[in-house]
Amino acid sequence: NPTLIISANSTEIKYPETIKLSYTITPDDATGSVVYYLNGTAVEGDVLRLLDPGNYVVTAKYEGNDLYNEVDSSNSLSITVGKCDVSIEVTAANYTIEYGQNAFLSYYIVPFLATGTIEYYVDGVKTDLLVEGLSVGTHSIAVKFIENVFYNGAVSETKTLTVTKATPEITVTANPIAYGQDATITIGLDGVNDEKITGVVKVTINGKVYDVAVTNGVGTLTVSGLAA
């Protein structure tokens with residue numbers, strides 16, 4: 001009977017790499033078809049593709065010809081398929097935003113066809129890809145790919161997202177007065193999302209600067225002795 005020996009270009013791969021099978025058979029006139037088997041099931045061709053991570057045994061059978069009977073391979077191959085390694089990078093639409101603006105996070109992953117669950121983190125706390133209500137200052141952002149059947153997990157390096165102070169809206173209103181009357185000036189101070197701000201606003205009238213206390217977005221200033 002012929003002697004059939006099988007081999008492979010690799011017996012340890014990571015998903016979704018392929019394995020090329022080959023064989024040698026003696027004597028030389030033992031021509032005909034050789035079929036490979038993966039865990040006892042015949043496979044088409046001599047390339048193993050998209051094997052799930054796990055362990056496999058490959059055998060083969062020579063189907064014989066007019067001179068020789070069919071024969072099983074004299075050896076088998078133990079195949080190990082590991083999970084694919086992943087690298088991931090966190091990205092942001094803008095790395096500097098103004099207080100009150102939302103941050104939009106995203107990611108870049110290799111291999112780009114890797115599918116699975118993505119988690120976003122700001123300052124170490126799990127969040128959504130749309131991040132709202134960040135305080136003024138710097139914040140660390142990161143992203144995590146969760147391990148699954150086909151892919152190992154991965155965590156990105158952190159990047160810095162900076163939130164700058166917002167510019168409030170100041171409104172100044174005053175009613176007309178007659179000469180000699182006191183002028184009452186109303187100051188409005190509104191922040192993000194119409195937040196009513198408490199603070200101090202400097203008002204300049206004819207070169208003189210007045211500090212006006214504003215509480216809950218409203219402050220008043222009374223000025224006497226204005227010229228006509």
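Keep in mind the model is a prediction, meaning the values are calculated, not measured.
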Could you please spell out the steps behind the side chain to side chain contact (heavy atoms under 4.5 Å, CB included) verdict for Leu130 and Phe104? CA-CA 5 Å; Leu130 172 64; Phe104 295 90; 3.2 Å; yes
Would you be so kind as to tabulate the donor-acceptor pairs closer than 3.5 Å made by side chains of residues 138-145, with sequence neighbours excluded?
residue, atom, partner, partner atom, Å
His139, ND1, Asp123, OD2, 2.7
His139, NE2, Ser135, O, 2.8
Ser140, OG, Asp123, N, 3.4

For Glu147, I'd like to know if atom CD has over 12 heavy atoms of other residues, nucleotides or ligands within 6.0 Å. yes
If you look at every heavy atom in Tyr36 and Ala60, which pair is closest and at what distance? CD2-CB, 3.8 Å
Rounded to the nearest 0.5 Å, what separation is found between the CD1 atom of Ile177 and the OH atom of Tyr179? 10.5 Å
Just say parallel, tilted or perpendicular for the rings of Tyr151 and Tyr15, cut-offs at 30° and 60°. perpendicular
Interatomic distance, NZ@Lys20 vs CZ@Arg49, rounded to 0.5 Å, equals 10.0 Å
Distance from Ile13 atom CD1 to Thr18 atom OG1, nearest 0.5 Å? 7.0 Å
Just how far is it from atom OG1 of Thr80 to atom NZ of Lys14, taken to the nearest 0.5 Å? 12.0 Å
Heavy-atom side-chain proximity of Ile205 to Leu221 below 4.5 angstrom: yes
Short side-chain donor-acceptor distance under 3.5 Å, Thr96 and Thr162: no
What verdict does the side chain to side chain contact (heavy atoms under 4.5 Å, CB included) test give for Ile170 and Ile187, after you've listed the backbone C-alpha separation in whole Å, the side-chain angles of each residue and the deciding distance to 0.1 Å? CA-CA 7 Å; Ile170 300 175; Ile187 310 298; 4.2 Å; yes
Does Asn148 offer a backbone N or O that forms a donor-acceptor pair with the side chain of Lys83 under 3.5 Å? yes
Atom of Ile5, atom of Asn75 and distance for their closest heavy-atom approach: CA-OD1, 3.5 Å
Provide the closest heavy-atom pair for Val131 versus Asp128 in the form atom of the first, atom of the second, distance. CG2-O, 3.4 Å
Kindly give the heavy-atom pair with the smallest separation between Glu157 and Val90, and that separation in Å. O-CG1, 3.8 Å
Grab the two heavy atoms, one from Val212 and one from Thr220, that are nearest each other, plus how far apart they are. CG1-O, 3.7 Å
How far apart are the C-alpha atoms of Val86 and Asn152, what are their side-chain angles, what is the distance that settles it, and do they pass the side chain to side chain contact (heavy atoms under 4.5 Å, CB included) test? CA-CA 6 Å; Val86 170; Asn152 289 315; 5.9 Å; no
side-chain hydrogen bond (donor to acceptor under 3.5 Å, both in side chains) assessment of Thr59 paired with Ser76: CA-CA 5 Å; Thr59 56; Ser76 62; over 6 Å; no
Gap separating the CG atom of Asp72 from the CG atom of Leu4, nearest 0.5 angstrom: 8.5 Å
Mind listing the closest non-hydrogen atom pair of Ala30 and Ile25 along with its distance? O-CG2, 3.8 Å
Using the rule side-chain contact (heavy atoms from CB on, under 4.5 Å), only one of Leu21, Leu51, Val57 pairs with Leu38; which is it? Leu51
Test side chain to side chain contact (heavy atoms under 4.5 Å, CB included) on Asp29 and Tyr68; report intermediate values, then the result. CA-CA 9 Å; Asp29 59 350; Tyr68 297 100; 2.7 Å; yes
Pairing residues for Thr115 by the side chain to side chain donor-acceptor pair (under 3.5 Å) criterion, not counting sequence neighbours: none
At what distance, to the nearest 0.5 angstrom, does OH of Tyr107 lie from CD of Glu89? 13.0 Å
Is the number of heavy atoms from other residues, nucleotides or ligands within 6.0 Å of OH (Tyr210) greater than 12? yes
Quick check: are there more than 12 heavy atoms from other residues, nucleotides or ligands sitting under 6.0 Å from CG of Asp182? yes
